[in-house]
Amino acid sequence: EEVKEKIQSYNSSVTDKLKMTLNANGIYTGFIKVQMELCRPITVQSSQSQGRCAHSNNETAFYLPDGCVNTLHISSTNTVREVIEALLKKFFVADNPAKFALYKRCHKEDQVYTCKLSDREHPLYLRLVAGPRTEMLSFVLREHETGEVMWEAFSIPELQNFLRILDKEENEQLQILKKRYAAYRDKLEEAL
């Protein structure tokens, strides 16, 4: 009865037609919006390679544009881990779901607080309690920020790309050092 009242209150406040529905078994369904704030490129499978082994030649890596928001229809039983997996599956993202985390962003007074959600939390319940206004609560998908890099979560092509980038940076730094010491040698020879 309490959930029914909360859903009725929620639905009366909705302005974008994304209402919640209470089923006879007590499980309710609804929509959440998730903002994608990804710093690294994501790997996307082409539609022909679905179901085949991951990391085939039918994959493309690209950066998502800033402020990209996706809407998911989920149930009250869905956990954060399931929401992340569903979001990645919806857009054919081949990357390991363990590389990502879902955060809640709350606005209180003039402050914005961002908090990582645990894998067992239920985002639709959080949405119901907070109400439909995204100024009060919004969801954000980001890469894990553990400080430790989870190398096993990356594909072979991604790891090879990291090595190429490191080699390029190493060569650039080497060239800068060589130029600096060549200029220093020229000045010494000139002084002699």
Side-chain angles (χ1 to χ4, degrees), residues 1-44 61-155 158:
E1 200 60 39
E2 182 183 339
V3 171
K4 185 177 181 180
E5 288 176 21
K6 283 184 179 182
I7 290 175
Q8 288 173 345
S9 173
Y10 179 92
N11 287 342
S12 67
S13 303
V14 169
T15 58
D16 57 7
K17 299 183 182 182
L18 299 179
K19 296 186 176 191
M20 291 194 191
T21 307
L22 180 61
N23 299 320
N25 60 3
I27 296 173
Y28 51 97
T29 59
F31 297 89
I32 62 168
K33 293 181 180 181
V34 180
Q35 183 172 357
M36 312 288 267
E37 290 184 358
L38 304 176
C39 300
R40 292 181 285 227
I42 58 169
T43 305
V44 179
F62 65 91
Y63 287 95
L64 282 176
D66 287 339
C68 182
V69 177
N70 294 293
T71 304
L72 280 179
H73 186 256
I74 62 171
S75 82
S76 57
T77 60
N78 290 122
T79 63
V80 166
R81 181 58 37 206
E82 293 169 331
V83 167
I84 292 171
E85 290 170 1
L87 190 61
L88 298 178
K89 185 177 179 183
K90 181 179 180 181
F91 296 99
F92 309 114
V93 176
D95 295 330
N96 187 337
K99 290 185 348 185
F100 303 96
L102 193 65
Y103 292 79
K104 67 178 179 179
R105 182 180 291 150
C106 303
H107 299 259
K108 292 182 182 173
E109 297 165 11
D110 289 339
Q111 298 290 323
V112 178
Y113 301 95
T114 303
C115 176
K116 181 180 169 188
L117 297 172
S118 75
D119 285 347
R120 288 188 164 72
E121 289 190 74
H122 300 277
L124 193 59
Y125 175 75
L126 296 173
R127 174 84 284 148
L128 177 62
V129 171
R133 292 183 38 218
T134 55
E135 301 86 43
M136 297 302 291
L137 172 76
S138 58
F139 296 103
V140 180
L141 183 73
R142 294 181 178 167
E143 292 94 354
H144 272 293
E145 295 179 9
T146 60
E148 286 268 331
V149 177
M150 297 173 48
W151 294 111
E152 62 276 0
F154 290 96
S155 67
E158 287 175 316

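In this structure, CG in Leu128 is found 7.5 Å from OH in Tyr10, a value given to the nearest 0.5 Å. Interatomic distance, Cys68 SG to Leu38 CG, rounded to the nearest 0.5 Å: 8.5 Å. Between Asn78 atom CG and Glu85 atom CD the span is 10.5 Å, to the nearest 0.5 Å. The distance from atom NZ of Lys104 to atom CZ of Arg127, rounded to the nearest 0.5 Å, is 11.5 Å. Distance OG1/Thr43 to CG/Asn96: 11.0 Å, rounded to 0.5 Å.
The existence of a salt bridge linking Lys99 and Glu143 is excluded, since no basic side-chain nitrogen approaches an acidic carboxylate oxygen closer than 4.0 Å. Ion pair Glu121/Lys116 not flagged as a salt bridge, since none of the NZ, NE, NH1 or NH2 atoms sits closer than 4.0 Å to an Asp/Glu carboxylate oxygen.
In terms of heavy-atom proximity, Ser76 sits nearest to His122 at O-ND1, 3.3 Å. The minimum heavy-atom distance linking Leu126 with Leu137 is given by the pair O-CD2, 3.4 Å. Taking each heavy atom of Leu88 and Leu141 in turn, the nearest pair found is CD2-CD2, 4.5 Å. For the residue pair Thr134 and Ser138, the shortest heavy atom distance occurs at O-CB, 3.7 Å.
Looking at heavy atoms from C-beta onward, Arg81 lies in side-chain contact with Pro97 at the 4.5 angstrom threshold. Phe100 places a side-chain heavy atom less than 4.5 Å from the side chain of Asp95. No side-chain heavy atom of Ile7 sits less than 4.5 Å from a side-chain heavy atom of Lys4. Annotation: side chain of Pro123 is in contact with side chain of Phe139 (closest heavy-atom distance under 4.5 Å). Using a 4.5 Å heavy-atom cutoff, the side chains of Arg142 and Met36 are not in contact. Within the 4.5 Å cutoff, the side chain of Val140 has no heavy atoms near those of the Leu102 side chain.
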Check the pair Glu2 / Lys6 against salt bridge (charged side-chain N to carboxylate O under 4.0 Å, His left out), numbers first and verdict last.
CA-CA 6 Å; Glu2 182 183 339; Lys6 283 184 179 182; 3.7 Å; yes
Check the pair Asp119, Glu82 against side chain to side chain contact (heavy atoms under 4.5 Å, CB included), reporting the backbone distance first and the verdict last.
CA-CA 8 Å; Asp119 285 347; Glu82 293 169 331; over 6 Å; no
CA sep, side-chain torsions, deciding dist, call: Val83, Ile74, side chain to side chain contact (heavy atoms under 4.5 Å, CB included)
CA-CA 8 Å; Val83 167; Ile74 62 171; 4.0 Å; yes
Given the rule in the side chain to side chain contact (heavy atoms under 4.5 Å, CB included) test, do Leu72 and Lys90 qualify, once you have shown the distances and angles that lead to the verdict?
CA-CA 9 Å; Leu72 280 179; Lys90 181 179 180 181; 3.8 Å; yes
May I have the step-by-step check of side chain to side chain contact (heavy atoms under 4.5 Å, CB included) for Val80 and Arg120, ending in yes or no?
CA-CA 6 Å; Val80 166; Arg120 288 188 164 72; over 6 Å; no
For residues 19-34, please give each side-chain donor-acceptor pair under 3.5 Å, one per line with the distance, not counting sequence neighbours.
from  : atom 1 : to    : atom 2 : distance (Å)
Asn23 : ND2    : Ile27 : O      : 3.2
Asn25 : OD1    : Ile27 : N      : 3.0
Lys33 : NZ     : Asp16 : OD2    : 3.3

